[in-house]
Amino acid sequence: MYISTMKRILMVCLGNICRSPVAEGIMKDKAKKYKVDIVVASAGTSGFHEGEAPDKRSTLNALEHGVDIRSQKSRPLRKDDFERFDLIFTMDESNFTNALNIGDKKHHSKVKMILNEVHPNSNKPVPDPYFGNDGFEEVFQLLDEACEIIALKLKNNEY
Ligand code: 4NP
């Protein structure tokens, strides 16, 4: 009997247009790089931008690094995501708390702060770049570092 152990990963921010789409794109590239078979998606704790493509500033910055997020569409985090996904990575403490309020308690251990992969137990945020004009490169670099670690953990069956 074949039992699939393929992990399903969900990246979560507030609007699902700036940070989590970049996290999704980078994570998909890392999965290819390390040949790990995973499903990756992203969502927002709000539905403010539902149906929209990622913010152009995120899209252009990611493209400069060879990561193409142009086909993504924003959608809100739903209760059933906690059934469907194994790991839910949030960008900051506000997303983390909001995600816990959406998902059943039995799934709360799936919800993590993404930069705790790099700096364990520190609860550092991926800063929200939406209201400024810079910060997109910093977001990319922080997420690249975290996703590299997540990919290696998956490869080594540590996740
Ligand atoms: P994101 O950034 O959570 O990284 O997608 C934001 C996008 C939109 C808003 C805030 C943050 N907004 O207030 O509309």
Side-chain angles (χ1 to χ4, degrees), residues 7-31 38-104 107-151 153-154 159:
K7 289 286 191 297
R8 295 172 167 265
I9 296 173
L10 187 65
M11 302 297 191
V12 172
C13 61
L14 172 61
N16 191 211
I17 55 167
C18 291
R19 292 166 292 174
S20 59
V22 175
E24 176 184 337
I26 293 173
M27 198 65 236
K28 284 177 172 164
D29 275 19
K30 300 282 185 197
I38 54 175
V39 169
V40 189
S42 62
T45 56
S46 81
F48 299 156
H49 296 275
E50 187 167 2
E52 291 177 22
D55 189 290
K56 282 198 173 58
R57 297 166 296 176
S58 277
T59 303
L60 288 173
N61 192 267
L63 265 183
E64 283 172 14
H65 294 280
V67 176
D68 189 350
I69 61 170
R70 286 176 292 186
S71 64
Q72 294 185 31
K73 290 269 176 295
S74 172
R75 63 117 166 142
L77 180 66
R78 298 183 301 259
K79 198 179 175 75
D80 71 347
D81 286 321
F82 292 77
E83 308 283 344
R84 295 168 52 228
F85 289 89
D86 303 295
L87 291 164
I88 298 172
F89 288 107
T90 59
M91 303 294 130
D92 61 33
E93 284 188 285
S94 154
N95 311 151
F96 181 83
T97 308
N98 291 336
L100 294 186
N101 286 332
I102 294 169
D104 280 343
H107 295 305
H108 279 187
S109 62
K110 296 179 174 182
V111 185
K112 319 219 176 263
M113 296 271 291
I114 195 164
L115 292 190
N116 282 353
E117 298 299 316
V118 184
H119 307 285
N121 306 312
S122 65
N123 294 344
K124 285 185 198 291
V126 177
D128 183 348
Y130 183 69
F131 292 107
N133 274 320
D134 53 8
F136 288 87
E137 176 62 16
E138 183 192 3
V139 165
F140 189 95
Q141 293 301 335
L142 291 170
L143 291 173
D144 190 65
E145 200 179 2
C147 290
E148 178 83 12
I149 293 169
I150 296 166
K153 279 194 189 172
L154 289 162
Y159 255 146

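Order of listing sets the numbers, starting from 1, for every ligand and every atom in it. We use all heavy atoms of the structure for the numbers below, so side chains are in, but hydrogens, waters and symmetry mates are not.
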Looking at [Y], is its backbone amide N or carbonyl O close enough to the side chain of [X] to form a donor-acceptor pair, meaning the two atoms are under 3.5 Å apart?
X    : Y    : value
S74  : G51  : no
K7   : L87  : no
N61  : S58  : no
N16  : T45  : no
K112 : S109 : yes
E117 : I149 : no
R70  : L63  : no

Could you list which atoms of ligand 1 come closer than 4.0 Å to a heavy atom of [X]?
X    : answer
F131 : 13 (O)
C13  : 1 (P), 3 (O), 4 (O), 5 (O)
C18  : 1 (P), 2 (O), 4 (O), 5 (O)

>> Students often mix this up, so state it plainly: with edges at 30° and 60°, are the rings of H65 and F140 parallel, tilted or perpendicular?
In response: parallel

Starting from [atom], which protein heavy atom do you reach first, and at what distance in Å?
atom                    : result
atom 11 (C) of ligand 1 : D128 OD2, 3.1 Å
atom 14 (O) of ligand 1 : H49 NE2, 2.8 Å
atom 4 (O) of ligand 1  : R19 NE, 2.8 Å
atom 9 (C) of ligand 1  : Y130 CD2, 3.5 Å

> Should the proximity of N16 to ligand 1, defined as any heavy atom under 4.0 Å, be assigned to the side chain, the backbone, both, or neither?
Replying inline: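 Within the 4.0 Å criterion, N16 contacts ligand 1 through backbone atoms alone.
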
> Which is it for M91 and ligand 1 at heavy atoms under 4.0 Å: side chain, backbone, both or neither?
Replying inline: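 Neither part.
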
Based purely on interatomic distance, does [X] place a nitrogen or oxygen under 3.5 Å from a nitrogen or oxygen of ligand 1?
X   : result
S20 : no
L14 : yes
F48 : no

